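Heads up: the structure comes next, in structure tokens.
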2 protein chains.
Amino acid sequence: MELSPTAHVILGMLAWRPMSGYDIKAVVDHSTRFFWAASYGQIYPELSRLADAGLVKGKAESASARKRTVYTLTAAGRRALTEWLGVEPRTFEYRDEGLLKLFLASAAPETAVATLDAKRAFHEAKAKQLREIEAASKAEGYAGMVLRYGIESSEWMADWCRREAERLREETA
Amino acid sequence: MELSPTAHVILGMLAWRPMSGYDIKAVVDHSTRFFWAASYGQIYPELSRLADAGLVKGKAESASARKRTVYTLTAAGRRALTEWLGVEPRTFEYRDEGLLKLFLASAAPETAVATLDAKRAFHEAKAKQLREIEAASKAEGYAGMVLRYGIESSEWMADWCRREAERLREETA
DNA sequence: GAAGTCATGTAAACGGTTACATGATTTT
DNA sequence: AAAATCATGTAACCGTTTACATGACTTC
């Protein structure tokens, strides 16, 4: 039973507490988003598939509030999750258009500093955003650890851009 | 005339010197690969499209060596490249299964250290590989700058993993 | 009553990887 | 003669994003 990459995010989230697809999307958006995104177009179909496979179980909640389907992890789902956690991570993908432009900047050197500045601004904004999440959520345990990774690595990248932009400015001065 | 993301890599490479699709793939594989990959399945069709659009020009070389098609950047191609370099970079994508497993590790805490160790090993191997490329290619100008970014960021990530793994080991000791 | 947000889903398109297919040339 | 590498390409598949569609409930 091969699980898709995003299936594991869902299983992992449901291990914390039962959630609807909408909930999962919201949690993803202010937590794993910066290193593992997921859209509705994936979450909802994936939830159905996981339910068919017996790894999660959906329960319609129409009582008082809006009608929504809350999913719970089954025993088999928990087993699949812990099994996956025990396997060495392999996918590491990284696409950075800023680095690409910088790499090719010799074709238009006057653009290099602006590219560095834009990349720095991006990482600074990301760090700020993650710091806000940290402050709002107390950020404990493994989730907090990963959040700090996001903050610190963003700051490192922003610093790198600052240093290199300065170096370029000095060189051309 | 909307260019696909990878089209720019091709234009950028051809700005250095005329190359065949095979050449481009080889150059990508030991340069942009760590932040912008490209496969044959993209490069060859993209070259045809760029040739149709008049941004590159292919010339069959069957003289002495193997028959191959060498592409050159046209004036329009160079214009498209510099124009693109002047636009702020926007795509920044990052998928890190190691971080994801760490983030969800509370469901199986005994796996956390192994995940950190695996992620560290990955970044160390990447740093080593990039350092070899640096040594082999003298790494000048913007390409060298980006290469050093790869080395230094990989080392930062490896260090982070080392620190956190140690912290976890101490905590459980 | 309007705006916002909760909530679920689908269809089309996109970008990309993998595997396959082929064959010539060069090196061992 | 075999193995490696040069060289080009296509087809199938995969995961994902975006846009669209719908509607109910809640807050202002």
Side-chain angles (χ1 to χ4, degrees), chain A residues 1-11 13 18-30 32-52 56 58-71 90-97 100, chain B residues 1-11 13 18-30 32-52 56 58-71 90-97 100:
Chain A
M1 191 174 11
E2 269 303 299
L3 272 321
S4 82
T6 337
H8 297 113
V9 192
I10 295 177
L11 294 180
M13 300 259 148
M19 279 190 256
S20 68
Y22 191 84
D23 293 337
I24 291 172
K25 167 75 167 140
V27 172
V28 161
D29 273 349
H30 56 264
T32 72
R33 193 178 203 274
F34 85 89
F35 61 90
W36 207 282
S39 59
Y40 288 128
Q42 271 179 283
I43 292 170
Y44 285 117
E46 194 62 58
L47 276 170
S48 313
R49 257 174 271 136
L50 289 172
D52 289 347
V56 303
K59 198 186 171 185
E61 239 187 31
S62 54
S64 58
R66 294 167 167 102
K67 70 165 189 276
R68 61 196 219 115
T69 312
V70 176
Y71 290 88
R90 51 205 184 295
T91 46
F92 180 90
E93 278 157 45
Y94 180 49
R95 306 216 129 210
D96 186 334
E97 202 189 357
L100 182 59
Chain B
M1 190 173 14
E2 269 304 299
L3 273 322
S4 81
T6 336
H8 297 111
V9 192
I10 295 176
L11 294 180
M13 300 259 148
M19 278 191 257
S20 68
Y22 191 83
D23 292 338
I24 291 171
K25 167 76 167 141
V27 173
V28 162
D29 273 349
H30 55 266
T32 73
R33 192 178 205 275
F34 84 90
F35 61 88
W36 206 280
S39 59
Y40 289 127
Q42 269 180 285
I43 292 170
Y44 285 116
E46 194 62 58
L47 276 170
S48 313
R49 257 174 271 137
L50 289 173
D52 288 347
V56 303
K59 198 187 173 185
E61 238 187 33
S62 54
S64 60
R66 296 167 168 102
K67 69 164 188 279
R68 61 196 220 114
T69 312
V70 176
Y71 290 88
R90 52 207 183 294
T91 46
F92 180 89
E93 278 158 45
Y94 181 49
R95 304 217 129 207
D96 187 333
E97 203 189 356
L100 182 59

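Here the structure is a predicted model, which is why all the values come from computation and not from measurement. Note on naming: letters A, B, ... go to the chains in the order of the sequence lines (proteins, then strands), and numbering restarts at 1 for each one.
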(Q) Whole angstroms only, please: what is the CD-C1' distance between A/Glu61 and C/dA7? (A) 12 Å
(Q) For a quick check, tell me whether the side chain of B/Arg66 and the base of D/dT8 share a donor-acceptor pair closer than 3.5 Å. (A) no
Q.
Without decimals, in angstroms, what is the distance between B/Asp29 CG and D/dT5 C1'?
A. 14 Å
**Q.** Side-chain (B/Glu97) to main-chain (A/Arg90) donor-acceptor, under 3.5 angstrom
**A.** yes
Q | By salt bridge (charged side-chain N to carboxylate O under 4.0 Å, His left out) - contacts of A/Arg33 (at least two apart) | A | A/Asp29
**Q.** Nearest listed nucleotide, side chain of B/Trp36, among C/dG9, C/dG16, D/dT16
**A.** C/dG16
Q: Write down the atom of A/Thr91, the atom of A/Trp36, and the distance for their closest heavy-atom approach.
A: OG1-CH2, 3.8 Å
Q) Quick one: is C/dA7 close enough that its OP1 or OP2 comes under 4.0 Å of any side-chain N or O from A/Arg68? A) yes
Q: Using atom CD1 of A/Ile43 as one end and atom C1' of C/dG9 as the other, report the distance to the nearest whole Å.
A: 12 Å
Q) Distance-only, no hydrogens or angles: does the B/Arg95 side chain make a donor-acceptor pair with backbone N or O of A/Ala37 under 3.5 Å? A) yes
Q: Return no unless some side-chain N or O of A/Tyr40 is found under 4.0 Å from OP1 or OP2 of C/dG9.
A: no
Q) Taking only N and O in the side chain of A/Gln42, is any of them less than 4.0 Å away from OP1 or OP2 of D/dT16? A) yes
Q.
Measure OH/B/Tyr44 against P/D/dC6 and give the value in whole Å, please.
A. 11 Å
Q | Rounded interatomic separation in angstrom, taking CZ from B/Arg49 and C1' from C/dC14 | A | 11 Å
Q | Proximity to the side chain of A/Tyr71 - top-ranked nucleotide from C/dG9, D/dT18, D/dA7 | A | C/dG9
Q. Quick one: do the A/Glu61 and A/Thr69 side chains pair a donor with an acceptor below 3.5 Å?
A. no
Q) Base, sugar-phosphate, or nothing: which does A/Gly41 touch, judged by heavy atoms less than 4.0 Å apart? A) base
Q: Take the protein atom NZ of B/Lys67 and the nucleotide atom C1' of D/dG9, then report the distance between them rounded to whole Å.
A: 11 Å
Q: Would you kindly give the CD-to-P distance between B/Glu46 and C/dT17, to the nearest whole Å?
A: 13 Å
Q.
In this structure, how many angstroms lie between the P atom of D/dG9 and the CD1 atom of B/Ile24, rounded?
A. 12 Å
(Q) Under 4.0 Å, heavy atoms only, any strand: does B/Thr69 hit a base, just the sugar-phosphate, or nothing? (A) sugar-phosphate
Q) Should B/Tyr22 be listed as having a side-chain N or O under 4.0 Å from OP1 or OP2 of D/dT8? A) no
Q) Given D/dT8, is OP1 or OP2 found less than 4.0 Å from the side-chain N or O atoms of B/Ser20? A) yes
